[in-house]
Amino acid sequence: MEGKALHHHKVKVGVVESDKMEKSVSVRVTRHAMHPVYGKRMVTSKKFVAHDESNDCHVGDRVLIEECRPLSRTKHWKVVRVIERALALDGEEKEEA
């Protein structure tokens with residue numbers, strides 16, 4: 001075996017909720033879980049702060065985030081790629097036409 005070990009980082013898919021920070025985005029990841037007592041299927045969600053080096057993500061984009069070393073007090077994830085772009089509501093595509 002070679003000297004380098006493979007690192008398998010956790011990955012999650014979520015939707016960008018806020019892009020107001022510099023080089024950071026807030027991503028909401030939702031999942032389905034069964035209620036421990038009643039057995040009903042519930043939707044649970046959690047918010048992660050992720051590093052976006054190029055400031056490419058915008059609100060509503062579906063992104064893939066990956067766990068990384070701590071970059072700040074709350075930022076332990078980085079954006080790997082944008083899976084799906086959000087539809088522009090007021091302006092971006094309308095101005096181009």
Side-chain angles (χ1 to χ4, degrees):
M1 202 144 100
E2 295 186 20
K4 284 191 170 184
L6 293 175
H7 296 285
H8 297 286
H9 300 288
K10 295 178 187 175
V11 292
K12 297 182 184 293
V13 176
V15 177
V16 176
E17 279 201 340
S18 173
D19 62 348
K20 295 180 182 179
M21 299 171 276
E22 280 290 320
K23 295 188 178 184
S24 299
V25 290
S26 180
V27 179
R28 170 133 345 245
V29 176
T30 59
R31 65 183 190 89
H32 297 278
M34 297 296 281
H35 190 278
V37 175
Y38 300 113
K40 183 173 178 169
R41 190 172 172 197
M42 307 180 306
V43 177
T44 60
S45 62
K46 189 170 181 183
K47 197 186 295 188
F48 297 95
V49 178
H51 183 67
D52 179 22
E53 182 65 37
S54 60
N55 280 331
D56 191 35
C57 298
H58 300 290
V59 175
D61 290 352
R62 184 174 216 78
V63 295
L64 178 74
I65 60 174
E66 178 183 50
E67 194 175 32
C68 64
R69 66 180 179 85
L71 300 171
S72 71
R73 180 180 164 198
T74 59
K75 198 160 57 167
H76 303 91
W77 297 81
K78 65 181 178 181
V79 175
V80 176
R81 64 185 167 97
V82 177
I83 297 172
E84 181 182 347
R85 294 273 179 203
L87 297 175
L89 297 177
D90 291 326
E92 291 181 23
E93 294 179 352
K94 291 180 183 178
E95 292 175 6
E96 293 176 7

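Quick note: residue numbers are just sequence positions, from 1.
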Result block: side-chain N/O donor-acceptor pairs under 3.5 angstrom for residues 65-76, not counting sequence neighbours:
from	atom 1	to	atom 2	distance (Å)
Ser72	OG	Lys75	N	3.3
Lys75	NZ	Ser24	OG	2.8
Lys75	NZ	His51	ND1	3.1

(message) Quick check for you: to the nearest 0.5 Å, what is the distance between Met21 atom CE and Asn55 atom CG?
(response) 10.5 Å

(request) Just do the side chain to side chain contact (heavy atoms under 4.5 Å, CB included) check on His58 and Val16 with the steps written out, would you? (result) CA-CA 7 Å; His58 300 290; Val16 176; over 6 Å; no

(message) Less than 4.5 Å apart, side chain to side chain, heavy atoms only: is that true for Val63 and Val27?
(response) yes

(request) Spell out, as yes or no, whether a donor-acceptor pair under 3.5 Å connects the side chain of Asp52 to the backbone of Cys57. (result) yes

(message) Side-chain heavy atoms nearer than 4.5 Å, only ILVMFWY residues, links allowed to pass through others: does that put Val11 and Val13 together?
(response) yes

Could you tabulate the donor-acceptor pairs under 3.5 Å formed by side-chain atoms of residues 36-48, not counting sequence neighbours?
from	atom 1	to	atom 2	distance (Å)
Thr44	OG1	Arg31	O	3.4
Ser45	OG	Arg28	NH1	3.1

Below 3.5 Å, can you tabulate the donor-acceptor pairs from side chains in residues 78-88 to any protein atom, sequence neighbours excluded?
from	atom 1	to	atom 2	distance (Å)
Arg85	NH1	Asp56	O	3.1
Arg85	NH1	Asp61	OD2	3.2
Arg85	NH2	Asp56	OD1	3.3
Arg85	NH2	Asp56	OD2	2.8

